*Asks:* 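Please read through the structure below; I'll follow up with questions.
Worth saying up front: this structure is predicted, and the values here are computed from it rather than measured.
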Amino acid sequence: MIVLDDHLVRDLAAGELPSVLVPLQDELATTNLWLFRLVGALARQGLGGPLSRHVKGLGPDEVARFRRELTERIEEITVVPMQHLVWSMGDLQQRHREAGRLLGTAMAEALAAAHFLGADIAVASDDVGPGLQAAAEADGITFHVIER
């Protein structure tokens, strides 16, 4: 299993999953906060940030279709409910902070989800969080940086 960041989930919804991840399509997961960040980017007027750039040039009908496809894809991937992760998130965030590896809330959730699922973590090359990468590596979780 592999936990995808919001950029890779967007690529999945667009039918543009990087080829290295295609063999793992039945073992994909993401996090609550990465999903929220993606949906929030798509909900904003103007669609101009890094997460929504992919659909910026689409008309209203195409954007609506993309949102439907995203909703369908979300149903196909694993998202660990937050109540299963919060204590682990807090513990991981504190432990890694003490070791000099800062983790924001979204990164702590990704790391906790990877531990919970026994999964790897994959992030798009243009969105690599050095704190998450260092924490994953320190915890023995395989961390993939995916070129798109």
*Asks:* Answer yes if L12 and I74 sit in the same cluster of Ile, Leu, Val, Met, Phe, Trp and Tyr residues linked by side chain heavy atoms under 4.5 Å apart, and no otherwise.
*Replies:* yes

*Asks:* If you take all heavy atoms of A112 and M89, which pair is closest and at what distance?
*Replies:* CB-CG, 3.7 Å

*Asks:* Which pair of heavy atoms, one from D120 and one from H144, lies closest together, and at what distance?
*Replies:* OD2-NE2, 2.8 Å

*Asks:* One thing to verify: whether D127 and R148 come together as a salt bridge, which I'm taking to mean a side-chain N less than 4.0 angstrom from a carboxylate O.
*Replies:* no

*Asks:* Spell out, yes or no, whether L35 and V123 are grouped together once hydrophobic residues are joined by side-chain heavy atoms under 4.5 Å, including indirect joins.
*Replies:* no

*Asks:* Salt bridge check, D139 against R95: does any charged N sit closer than 4.0 Å to a carboxylate O?
*Replies:* yes

*Asks:* Any donor-acceptor pair under 3.5 Å linking the side chain of E109 with the backbone of N32?
*Replies:* yes

*Asks:* Looking only at heavy atoms, which two atoms of I121 and W34 are closest? And how far apart?
*Replies:* CG2-CH2, 4.4 Å

*Asks:* When hydrophobic residues are tied together by side-chain contacts of less than 4.5 Å, even through go-betweens, does L102 share a cluster with L92?
*Replies:* no

*Asks:* Check whether any side-chain heavy atom of E27 sits under 4.5 Å from a side-chain heavy atom of I2, and report yes or no.
*Replies:* no

*Asks:* How close do A135 and L111 get, counting heavy atoms only, and between which atoms?
*Replies:* CB-CD2, 3.8 Å

*Asks:* Would you compute the distance between atom CG of L33 and atom CG of L85 and round it to the nearest 0.5 angstrom?
*Replies:* 9.5 Å

*Asks:* If I compare all heavy atoms of A119 with all of I141, which pair ends up nearest, and what's the gap?
*Replies:* O-CG2, 3.5 Å

*Asks:* Quick one: do R65 and E69 make a salt bridge, cutoff under 4.0 Å?
*Replies:* yes

*Asks:* Roughly how far, to the nearest 0.5 Å, is CG of D11 from CD of E16?
*Replies:* 6.5 Å

*Asks:* Just verifying a value: how many Å separate E76 CD and E72 CD, rounded to the nearest 0.5 Å?
*Replies:* 7.5 Å

*Asks:* Does any N or O in the side chain of T30 come within less than 3.5 Å of the main-chain N or O of L4, such that one atom is a donor and the other an acceptor?
*Replies:* yes

*Asks:* Compare every heavy atom of T31 with every heavy atom of A110, then report the nearest pair and how far apart it is.
*Replies:* CA-CG2, 3.6 Å

*Asks:* Could you grab the distance from atom CG of D26 to atom CE of M1, nearest 0.5 Å is fine?
*Replies:* 9.5 Å

*Asks:* Working to the nearest 0.5 Å, report the span between CD of E137 and CZ of R101.
*Replies:* 10.0 Å

*Asks:* Verify the cluster assignment for L8 and F143: are they in a single hydrophobic cluster under the rule of side-chain heavy atoms below 4.5 Å apart?
*Replies:* no

*Asks:* Side-chain heavy atoms under 4.5 angstrom apart, residues restricted to Ile, Leu, Val, Met, Phe, Trp, Tyr: same cluster for L28 and I146?
*Replies:* yes

*Asks:* Would you compute the distance between atom CZ of R73 and atom CG of L17 and round it to the nearest 0.5 angstrom?
*Replies:* 8.5 Å

*Asks:* Tell me if a side-chain donor or acceptor on Q93 pairs with a main-chain N or O of L103 at a distance below 3.5 Å.
*Replies:* yes

